[in-house]
Amino acid sequence: MSEYNIVVAATFTAQTLGAIVLALLLLSFHRQYRKSYLLHWTCAWGALAVFNLASGLTIAIQSLWQYPAHHPFSITAKITASVAGWLEIAWLLFGVYELLRRRPVRLVDAQRITLALTALGLAAWLLPELRAGAASLAFFVAAVALWRARMRREGIGFAILAGAFALYGTAQLRYLTPITYLGYIDFLMQAVLGIGMIASLLEDEREAAELAANEIEHLAYHDALTGLPNRPLFVDRLIVALAQAQRGQQKLAVFFLDLDRFKDINDSLGHSTGDALLKSVAERIRSCIREGDTVARFGGDEFTLLIPRVESVENAATIAHKIIETLKLPFFIHARELFVTTSIGVSLFPEDGLDPETLVRNADTAMYRAKEQGRDNYQLYAPAMNARALERLALENMLRKALTHDELVLHYQPVIDARTEQIVGAEALVRWRHPELGLLGPAQFITVAELSGLIIPLGQWVLATACRQIRAWEQHGLTMSVNLSARQFGQPDLVDQIRAVIADTGINPAQLQLEITESNAMQNAESTMFTLRELRALGVKIAMDDFGTGYSSLNYLKRFPIDTLKLDQSFVHDVTSDSVDAAIVSAVIAMAHSLEMTVVAEGVETKEQLELLRRKDCDLIQGYYYSKPVPAAELDEQLNRAFATPLVRDLRLLP
């Protein structure tokens, strides 16, 4: 064996050992950092070790043992070196791709490329120049990609690795020419490449730590769902804006937004739909404000806006109106069409407060005022609102006690057959025997109950009490009507609750009629249809209350399993004097009868109204003409009398 061959074999041995050391080093880094590119680079160095070992064995077989080039040992060594050399290229480039893109190579793509290069290595083992040219080109491409990435990053790790790939690619070019073997250059290039890989790893870890720190900081000051600033960041920006407004003697506005009946959507359609809706709402609100304004999510379905420069109250009102109109447009979430409205409160600096806490609190107070005014509107803060807010809070606390201190009572308004003038049913209406204010009607506390969430236990109490009363009047065969609030109707376990009440009280389900308003029914028509069908399966009856005041689709109306339409009293009031109202009443009655529904006219107060409704073929009458809502004992007394049709008018309890 010549001295040259000894040097070549020794160089290949050194390169093999160096590649093994670097493969083991990168493998230990992979176990610590769990980076996929480190695993690919480990494989690449392993393949390079096999390439160097097989190349050294080829020389040893031909020079030391004097085997010819076509000997099986020599061919096997060359094929092994060829396959390992092609795989080294693939795994090095996989690692570079994953380092730059921060995501792993698709497993399917990696398998296909690896198999293709393995086949190429098996087929092209007689053409080592082809592998050298491909390696040179691939390493130059990697060098350019790393160099471009280096320009967007701090540190020199990527620059070192880019330079190492460029030098390694240059070194491969010499295999394309008949140059004397220079193995020590390969060894040197491998060392530089290994140093570049370790330097890029350290730089990548430093950047990952910085990104993690930035992400933690972002999460601390931004809402995870919508990406909007959260409460702490909003308050910080408000503090800065207030300081600037004071120096410049400018106005600024704080908006407090709350979505109307969002809980109904969340409860009936699930939190995933609710979350998607909140993200869409956030985008809509953001589209309504300027570059320097801030919209934040305060929590739940509450949002706040900071408008740093407001010229006048009219400017703030314009923004509020724009947001309300924008949110009225339908949302398409998970293949559903959803409608949502918002109530907005607005406070202005310096008129409504000089510090962040006061401005936000007053905007919140104005928002509640907007809720009380019927929702889907905005209110500018006025000092008198604080007094109303305190009054509302006190009323809410007293209402909580009323639920546990038996201060609530049901009154019942008879429902009369229009033809026979006999009582065929009653509607249960809640009253509050307030210890200080006396008997309160629902108009004085239902809004507070809805806003505070007390409407849920209140509605459950009304349902259970009314069902017990049905059992007491069972011999009279009356139908008892019970109103379901929007929140109550949107509860996912509503059907189970009603089933349990029916079982506990032992009533005939056919004597219970549940009333939902037209507007609530159309909030989510598909969900309403499903719930109504489940309720009908229990055997109870369904009535649509306040019909004519909402926006019912006749297509849905015919598909809803409804037994009764209750004609709103706003149409009945002027039915004898307004031809339009008379025409509407006539059309609704005819339509309901064609759908095999019973019609109840609410708010009947005069004989003329009654006679006209009879002529229109209205089925049932409810109103002060016959009776106001009365306690159970009083109606019970009337029911126990055996009276003839003409005497029913004696039931009238008008003052």
Side-chain angles (χ1 to χ4, degrees), residues 218 221-260 262 275-331 333 338-353 355-371 375-381:
H218 180 82
Y221 290 102
H222 290 80
D223 173 54
L225 177 65
T226 62
L228 296 176
N230 58 12
R231 185 192 299 252
L233 183 55
F234 179 83
V235 172
D236 285 347
R237 291 185 179 179
L238 181 53
I239 291 172
V240 173
L242 283 172
Q244 294 173 343
Q246 286 175 335
R247 285 196 300 270
Q249 295 184 342
Q250 296 174 324
K251 294 179 182 291
L252 67 78
V254 173
F255 291 63
F256 203 106
L257 291 77
D258 185 89
L259 301 184
D260 299 327
F262 173 76
D275 289 348
L277 178 60
L278 285 174
K279 287 193 280 190
S280 297
V281 167
E283 288 299 320
R284 291 261 185 104
I285 297 173
R286 193 151 39 190
S287 69
C288 295
I289 61 176
R290 302 167 302 188
E291 184 72 25
D293 302 334
T294 297
V295 55
R297 186 184 177 203
F298 242 44
D301 59 339
E302 296 177 339
F303 296 86
T304 51
L305 268 70
L306 167 62
I307 313 298
R309 293 176 299 279
V310 176
E311 298 298 327
S312 64
V313 173
E314 288 74 16
N315 292 146
T318 300
I319 295 172
H321 180 73
K322 181 180 180 182
I323 294 171
I324 288 172
E325 292 302 313
T326 300
L327 293 183
K328 280 183 180 179
L329 299 174
F331 291 86
I333 308 293
L338 300 178
F339 293 87
V340 67
T341 58
T342 184
S343 299
I344 303 177
V346 183
S347 63
L348 297 172
F349 169 85
E351 294 91 335
D352 303 326
D355 59 88
E357 182 180 355
T358 302
L359 286 168
V360 172
R361 184 179 67 247
N362 289 344
D364 185 26
T365 300
M367 182 273 293
Y368 273 104
R369 178 61 176 167
K371 294 272 190 188
R375 300 183 174 89
D376 192 23
N377 70 92
Y378 68 90
Q379 290 288 317
L380 300 170
Y381 173 76

### Message
Would Phe255 and Tyr378 count as a ring pair (Phe, Tyr, Trp, His ring centres under 6.0 Å) here? Give the steps.
### Response
CA-CA 9 Å; Phe255 291 63; Tyr378 68 90; 8.6 Å; no
### Task
May I have the step-by-step check of side-chain contact (heavy atoms from CB on, under 4.5 Å) for Arg290 and Ile307, ending in yes or no?
CA-CA 8 Å; Arg290 302 167 302 188; Ile307 313 298; 3.1 Å; yes
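Side chain of Asn377 to backbone of Ala370: a donor-acceptor contact under 3.5 angstrom is found. No donor-acceptor distance shorter than 3.5 angstrom exists from the side chain of Arg297 to the backbone of Leu228, with no hydrogens or angles considered. Counting only distance, with no hydrogens or angles, the side chain of Asp352 and the backbone of Leu348 share a donor-acceptor pair below 3.5 Å. Side-chain N or O atoms of Asn315 include none that pairs as donor or acceptor with a backbone N or O of Val310 at under 3.5 Å.
A heavy-atom distance below 4.5 Å is not found between the side chains of Asp293 and Ile319. Counting heavy atoms from C-beta on, the side chains of Thr342 and Ile324 come closer than 4.5 Å. Residues Val281 and Thr226 form no side-chain contact, since every pair of their non-hydrogen atoms from C-beta on lies 4.5 Å or further apart. Side chains of Phe262 and Leu277 form a contact here, defined as non-hydrogen atoms less than 4.5 Å apart. Between Val235 and Glu357 the shortest side-chain heavy-atom distance does not fall below 4.5 Å. Using a 4.5 Å heavy-atom cutoff, the side chains of Leu238 and Thr294 are not in contact. Using a 4.5 Å cut-off on side-chain heavy atoms (C-beta onward), Asp260 and Lys371 make contact. With contacts defined as side-chain heavy-atom distances shorter than 4.5 Å, the pair Arg237/Pro229 qualifies.
Applying the 6.0 Å contact sphere to CD of Glu325 captures more than 12 heavy atoms from other residues, nucleotides or ligands. Around CZ of Arg309, the count of heavy atoms belonging to other residues, nucleotides or ligands within 6.0 Å does not exceed 12.
With respect to Leu305, the side chain to side chain contact (heavy atoms under 4.5 Å, CB included) criterion is satisfied by exactly one of Leu257, Val254, Ile344: Leu257.
No donor-acceptor contact under 3.5 angstrom links the side chains of Asp258 and Ser343, judged on distance only.
Nearest approach of Ala245 to Leu252, heavy atoms of both residues: CB-CD2, 4.0 Å. Here the closest heavy-atom approach between residue Thr326 and residue Cys288 is recorded as OG1-SG, 3.4 Å. Considering all non-hydrogen atoms of both residues, Lys279 and Leu225 come closest at CD-O, 3.3 Å. Pairing each heavy atom of Phe331 with each of Val340, the nearest pair is CE1-CG1, 3.2 Å. Across all their heavy atoms, Gln246 and Phe349 have their closest contact at CG-CZ, 3.4 Å. The two residues Ala296 and Asn230 come nearest to each other via the heavy atoms CB-O, 4.2 Å.
Between the CE atom in Met367 and the CZ atom in Arg375 there is a gap of 10.5 Å [rounded to 0.5 Å]. Of the inter-residue distances, the one linking Asn362 atom CG with Phe256 atom CZ reads 12.0 Å to the nearest 0.5 angstrom. Between atom OH of residue Tyr381 and atom OG1 of residue Thr358 there is a gap of 9.0 Å, rounded to the nearest 0.5 Å. The structure places CD1 of Ile285 at 8.5 Å from CD1 of Ile289, a figure rounded to the nearest 0.5 Å. We find the CG-CZ distance between Leu242 and Arg247 to be 11.0 Å, quoted to the nearest 0.5 Å.
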